[in-house]
Amino acid sequence: MRVLLVGSGGREHALAWALAASPLLSALFVAPGNPGTATLGTNVAIAAEDIAGLARFAREQRIDLVLPGPEAPLVAGLADALAALGIACCGPTAAAARLEGSKGFTKEVCAAAAIPTAAAALFTDATAARAHLARHGAPVVVKADGLAAGKGVVVAESLAEAEAAVTAMLEEGAFGAAGARVLIEECLRGPEVSLFALCDGTDAVLLGAAADHKRVGEGNRGPNTGGMGAISPPGGFTDAQAEEAMARIVRPALAEMARRGTPFRGILFAGLMLTAQGPKLIEFNVRFGDPECQALVLRFASDLLPALVAACEGELGNFALRLSAQTAVAVVMAARGYPGTSAKGSEIRGIAAAAAQPGALVFHAGTRAEGGRILADGGRVLTVCATGRDGVEARARAYAAVDAIDWPEGFCRRDIGARG
Ligand code: AMP
Ligand code: GLY
């Protein structure tokens with residue numbers, strides 16, 4: 001099979017690594033890719049958001065399957081453009097990608113399918129939103145409806161903080177069109193888990209679960225990031241809880257999307273809060289998480305490629321994916337300053353030494369190759385991963401690999417996976 005993978009982060013390097021292990025693969029292209037994916041396939045200089053360029057390349061190169069990493073091309077209609085050319089895409093149409101693109105839409109789906117989630121109300125008018133806040137009280141969560149690069153959620157411990165978020169989004173256009181509609185949500189408490197399911201429009205199989213670490217600082221302090229590390233499986237999350245989430249959240253959402261005539265195909269990422277009343281949905285994403293994906297792929301004991309094909313062909317009904325019983329830990333190394341602005345161009349040494357540690361793998365994200373050297377070229381720069389027989393061993397191995405990296409301009413959290 002000739003496969004086109006879309007994206008350039010650590011997630012995409014990890015997916016390229018999983019795809020490259022498949023005996024079914026004959027050629028792998030990555031658009032635009034990074035220096036890590038270049039060692040596993042051919043990078044092509046097409047941006048992940050360039051729908052027309054990606055579709056043209058897929059047609060010209062007789063691509064059999066496209067796997068989009070990030071959500072932006074899906075929300076912009078990549079799967080639709082490929083369907084028009086008869087090319088399989090393991091990702092949802094733009095209509096089905098609204099599960100990530102609009103939080104208000106997801107709440108409608110949840111209501112129609114009786115999916116447990118935080119109670120919420122949708123506002124376009126700031127005065128009405130503030131009146132609602134006054135009745136509701138704090139803590140409360142204020143969210144931009146649309147895509148806001150992970151920055152559109154304010155978990156407000158005080159009314160003043162919530163009001164400021166409403167003002168910023170609805171009156172000051174802080175997130176542009178994405179913030180023109182605002183959700184005000186009940187605040188849920190409990191540990192968070194990212195659950196991943198592969199879906200074919202009708203059926204879903206569990207790909208696994210991971211715990212992300214969203215804050216930049218140890219002990220979950222400091223600003224939110226795209227994710228500073230992950231552990232899979234998450235400590236204390238049982239198979240029974242995963243099955244409950246599949247039965248009460250993922251499968252009802254699939255059924256409701258099919259009923260609406262917009263069946264969901266691809267990777268459904270359910271962000272869950274494990275509350276005292278059972279798992280509740282925080283949000284859906286329509287793709288793998290980054291860095292959750294880097295931890296998950298290390299545990300795939302089945303070939304990923306036939307599973308993706310089965311999802312595209314509507315044949316997941318009799319499919320099972322095996323996960324190893326090992327634990328995987330993924331530690332993000334970021335450039336100092338992240339998630340604010342960080343300097344580019346510093347040299348990273350020791351990547352090969354890190355990857356040579358027992359059980360370890362290093363995935364590239366914001367890096368650039370120049371004259372045989374690897375330079376930092378973004379905020380999240382590497383994901384250093386390792387497996388072990390339990391969380392203790394996986395963490396020890398991942399941090400042994402981190403310690404082999406010589407990059408004074410970078411940093412990481414030292415407590416990834418420590419919760420369990
Ligand atoms: P999101 O961008 O929707 O993933 O939200 C970012 C983070 O905000 C989540 O990972 C949660 O930690 C937090 N969050 C979102 N919604 C809620 C909620 N209803 N209650 C408590 N925390 C929430
Ligand atoms: N790590 C969370 C995400 O990819 O959205």
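Atoms within each ligand, like the ligands themselves, are counted from 1 in listed order. Bear in mind the structure is a predicted one, so any value in this text is a computation, not a measurement.
- Geometrically, ligand 2 and Phe269 share no nitrogen or oxygen pair separated by less than 3.5 Å.
- Scanning both residues, Leu375 and Glu347, for their nearest heavy atoms gives CD2-CA, 3.7 Å.
- Close approach of ligand 1 to Lys214 (heavy-atom distance below 4.0 Å) involves ligand atoms 4 (O), 10 (O).
- When hydrogens are left out, the protein atom nearest atom 18 (C) of ligand 1 is Val141 CG2, 3.5 Å; that is the closest non-hydrogen contact.
- The Gly226 neighbourhood of ligand 2 comprises atoms 1 (N), 2 (C), with distances under 4.0 Å to a heavy atom of that residue.
- In the model, Thr327 has no side-chain atom that pairs as donor or acceptor with a side-chain atom of Arg395 under 3.5 Å.
- The distance from ligand 2 to the heavy atoms of Glu292 drops below 4.0 Å at these ligand atoms: 1 (N), 2 (C).
- Here is the list of ligand 1 atoms found below 4.0 Å of a heavy atom in Lys143: 3 (O), 15 (C), 16 (N).
- Between Phe288 and Phe196, the ring planes lie tilted relative to each other; the angle falls in the 30° to 60° range.
- For the 3.5 Å distance criterion, the side chains of Asp145 and Ser102 qualify, holding a donor opposite an acceptor.
- In summary, Asp203 and Arg251 do not engage in a salt bridge, as defined by a charged side-chain N under 4.0 Å from a carboxylate O.
- Within the 4.0 Å heavy-atom criterion, neither part of Arg11 lies near ligand 2.
- The contact set between ligand 1 and Glu186, taken as ligand atoms under 4.0 Å from a residue heavy atom, comprises 18 (C), 19 (N), 20 (N).
- Numbered from 1 in the order shown, with element, the atoms of ligand 1 that lie under 4.0 Å from a heavy atom of Glu283 read 1 (P), 2 (O), 3 (O), 4 (O).
- In terms of protein heavy-atom proximity, atom 3 (C) of ligand 2 is nearest to Arg287 NH1, 3.6 Å.
- Using modelled atom types, one side-chain atom of Asp64 and one backbone atom of Arg2 make a donor-acceptor pair closer than 3.5 Å.
- Protein heavy atom nearest atom 8 (O) of ligand 1, with residue, atom name and distance: Val153 CG1, 3.5 Å.
- Side-chain contact of Glu283 with Asn285: a donor-acceptor pair under 3.5 Å is present, judged by distance alone.
- Interface atoms of ligand 2 facing Gly289, defined by a heavy-atom separation under 4.0 Å, are 4 (O).
- Heavy-atom contacts of Glu185 reach the following atoms of ligand 1: 16 (N), 18 (C), 19 (N) (cutoff under 4.0 Å).
- For the residues Ile282, Ile184, Leu272, Val155, the heavy atom positioned nearest atom 15 (C) of ligand 1 is part of Ile282.
- Residues His364 and Ile351 have side chains in contact (heavy-atom distance under 4.5 Å, counting atoms from C-beta outward).
- We find that Glu163 and Arg130 are not joined by a salt bridge, their nearest charged nitrogen and carboxylate oxygen being 4.0 Å or further apart.
- Within ligand 1, the atoms closer than 4.0 Å to a non-hydrogen atom of Cys187 are 20 (N), 21 (C), numbered from 1 in the order shown.
- At a threshold of 4.0 Å, the pair Glu409-Lys344 does not count as salt-bridged, since none of the basic side-chain nitrogens sits closer than that to a carboxylate oxygen.
- Polar contact check, Asp212 against ligand 2: a nitrogen or oxygen pair lies under 3.5 Å apart.
- For Thr124 and Arg181, the side-chain atoms include no donor-acceptor pair closer than 3.5 Å.
- Ligand 1 places these atoms under 4.0 Å from at least one heavy atom of Ala118: 19 (N).
- Of the protein's non-hydrogen atoms, Leu188 N, 2.8 Å is the one closest to atom 20 (N) of ligand 1.
- Remark: of the listed residues His213, Lys214, Arg413, Arg413 is the sole one forming a side chain to side chain donor-acceptor pair (under 3.5 Å) with Asn220.
- The ligand atoms of ligand 1 that sit less than 4.0 angstrom from a heavy atom of Met273 are 21 (C), 22 (N).
- Distance from atom 10 (O) of ligand 1 to its nearest protein heavy atom, with residue and atom name: Glu192 OE1, 2.7 Å.
- Heavy atoms of Arg189 found under 4.0 angstrom from ligand 1: none, in either backbone or side chain.
- Considering only heavy atoms from C-beta on, Leu183 comes within 4.5 Å of Lys107 through its side chain.
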